[in-house]
Amino acid sequence: MKTLFYGGGVVSGQGVRRLDVLAEDGKIRDAAEGLRVPDAERVDCTGKLLFPGFIDGHTHFDLEVGGTITADDFATGSRAALRGGTTMVVDFAAPDKGETLASGLERWREKSEGRSACDYGFHMTIDDWNEGISREIGEMMDQGISSFKMYMTYPAMMLPEGDMYRALLRLKEVGGIAGVHCENDGVIRALVREARAEGRMAPASHPRTRPAPLESEAVSHLLRLAQVADVPVIIVHLSARESLEEVRAARRRGQRVYVETCPHYLLLEDSVYDNPDFLEAAKFVCAPPIRKREDREALWEALRNGEIDTVATDHCSFTTAQKRAGRYDFTKIPGGLPGVEHRGALLYTHGVAAGRITAGDMCRVLCENPAKLYGCWPRKGVIAPGADADIVVYDPGADSIITAAAQAQHTDYTPYEGMATAGSVRQVYLRGRLAVDRGEVLLRNEGIFIPRERRCL
């Protein structure tokens, strides 16, 4: 089947060009001016932007956290992703402490196979270190798992720094890369003990026990380990101005550092935790916490300057009933926010339409850079001959309002309730097939596992 998209502006990291795009048998066959293909189905994209399918490099579907399970599994989370223009997610396969990496991968394959609406890959969490894990890292690379996750907080998942250093060396050896959650766990636990002793157990204590300096200190610590190991690393969900300064210092030293941030750090402020209504405040509990206005503005500036490489969601959804578990103890509130459905519209609205970034910038951080960083370029992340025909038709004139009632995410709230969007996703094509049309998800279980190579960013 041939499909010709005509009249629209094709977006790449270099900007927007008026091109016609021919898709056939799931691939982009041509992208040029004035294509004439008489036997193709024609899609009029006049006045619209054609983005490559968005890639969300940070999701948590069907994840057990603190005695509960995220509200979105692969079926619901992937449908929400697709509805918002995300045609591929990279989720986190997480073995339990003491398990093999293979056991974690097998469990995530069972969660996802035949259930995902969009394409997907996995990062592999490293929460233990021994000779077996070291050997398995090479085996994971052979199976198309080229990126890994490590934690500097959460005792059940974090690695001692010596083991983290050894893991970085092993990743350097095989050509993998690690994304690291950076917060100083020891001081966080000390601050939590202080809050408990003083009876400060409301959600307002959450950001006060995980302040920005504890993120930036951990970022600095990681980057010095990476300097000694001489290996690139990714700082995931960076939230603070001070952390950006640590990244800049490392880059001045000649280190290769990649930075991811999230929409909630770009759009929200820490005053959300001061709401006297417990549930309204608890909705926003995530780690790192939402920061201050000056942090938000610093992130936008870094995005505009190309210092931030990707914008992912860290989608980790819970219902308000699940958040209620921390009614009398903020540390028991399941941490995480829903967001996989709204990322594209939010970044276009508050970035492109607001004049903070260009459409090319948006394409780089949502499409090109994730594809390059996570080893699926040029199959994904670009509208060019040979790439998968993953296409987002964005209509800048179709303004909308974000509401929980209208979303596909399997939770009863959104952090962006009532926000107006400048335009919205009109259609989404997954490997050449119409997957979403005006908000209706047409494909349910067509997503496939995408094996990935070494990064090329």
Side-chain angles (χ1 to χ4, degrees), residues 60 63-68 70-71 151-158 181-221 235-243 261-299 313-339 411-417:
H60 296 284
L63 177 68
E64 295 183 27
V65 178
T68 191
T70 52
Y151 291 83
M152 300 178 79
T153 188
Y154 307 130
M157 305 179 78
M158 60 189 292
H181 180 139
C182 296
E183 289 183 286
N184 185 310
D185 185 75
V187 181
I188 288 170
R189 282 185 282 164
L191 291 173
V192 168
R193 285 195 296 270
E194 290 178 10
R196 282 200 171 113
E198 296 170 6
R200 295 183 284 108
M201 302 307 292
S205 289
H206 175 68
R208 292 168 176 80
T209 56
R210 306 183 89 100
L214 298 189
E215 176 187 320
S216 59
E217 186 278 334
V219 168
S220 175
H221 197 110
I235 310 299
V236 300
H237 49 51
L238 184 143
S239 69
R241 176 185 54 79
E242 298 165 67
S243 299
T261 195
C262 307
H264 44 280
Y265 301 126
L266 291 166
L267 301 178
L268 305 175
E269 296 177 14
D270 62 353
S271 58
V272 296
Y273 298 114
D274 296 325
N275 194 313
D277 184 312
F278 163 78
L279 278 180
E280 289 303 312
K283 290 175 182 179
F284 298 94
V285 167
C286 59
I290 293 161
R291 302 296 187 190
K292 300 184 180 303
R293 177 182 292 269
E294 53 264 36
D295 296 294
R296 187 183 72 176
E297 293 307 317
L299 292 175
T313 61
D314 194 7
H315 179 93
C316 191
S317 62
F318 299 98
T319 64
T320 51
Q322 289 174 296
K323 291 280 188 177
R324 195 175 282 113
R327 182 68 182 85
Y328 302 106
D329 182 348
F330 70 92
T331 67
K332 292 183 169 60
I333 300 169
L337 301 180
T411 184
D412 55 349
Y413 81 96
T414 167
Y416 313 109
E417 183 72 32

Nearest 0.5 Å please: distance from the [atom1] atom of [X] over to the [atom2] atom of [Y].
X	Y	atom1	atom2	answer
Ile333	Ser205	CD1	OG	9.5 Å
Ser220	Asn184	OG	CG	11.0 Å
Leu299	Ser243	CG	OG	9.0 Å
Ile188	Thr331	CD1	OG1	12.5 Å
Tyr328	Phe278	OH	CZ	9.5 Å
Asp185	Met158	CG	CE	4.5 Å

So, does [X] use its side chain to make a donor-acceptor pair with the main chain of [Y] at under 3.5 Å?
X	Y	value
His237	Asp314	no
Ser317	Thr411	no
Lys283	Tyr413	no
Tyr273	Ala202	no
His315	Gly339	yes

Check your understanding: Is atom CD of Glu198 surrounded by more than 12 heavy atoms (other residues, nucleotides or ligands) closer than 6.0 Å?
Key -> yes
For the residue pair [X] and [Y], establish whether any side-chain heavy-atom pair is separated by less than 4.5 Å.
X	Y	answer
Cys316	Leu337	no
Lys323	Val285	yes
Arg327	Leu279	no

May I ask you to say whether [X] pairs ionically with [Y], meaning some side-chain N is under 4.0 Å from a carboxylate O?
X	Y	value
Asp329	Lys332	yes
Arg210	Glu183	yes
Arg241	Glu294	no
Asp270	Arg291	no

Can you give me the closest heavy-atom contact between [X] and [Y], atom names plus distance?
X	Y	value
Tyr265	Pro289	CE2-O, 3.3 Å
Gln322	Ala71	OE1-CB, 3.9 Å
Ala282	Pro203	N-CG, 4.1 Å
Pro263	Thr313	CD-CA, 4.2 Å

Practice item. Take Ile235 and Cys182 through the test side-chain contact (heavy atoms from CB on, under 4.5 Å) and record every step on the way to the result. Key: CA-CA 7 Å; Ile235 310 299; Cys182 296; 4.1 Å; yes
Check your understanding: Which class fits the ring pair His181 and Tyr151: parallel under 30°, tilted 30 to 60°, perpendicular over 60°?
Key -> tilted
Check your understanding: Ring centres of His264 and Phe284 under 6.0 Å apart?
Key -> no
Review point. Does a donor on one side chain and an acceptor on the other come within less than 3.5 Å for Thr319 and Asp412?
Key: no
Check your understanding: Can a donor-acceptor pair be found between the side chains of Thr209 and Arg200 at a distance below 3.5 Å?
Key -> no
Point to revise | Test ring pair (Phe, Tyr, Trp, His ring centres under 6.0 Å) applied to His221 - qualifying residues, sequence neighbours left out | key: none
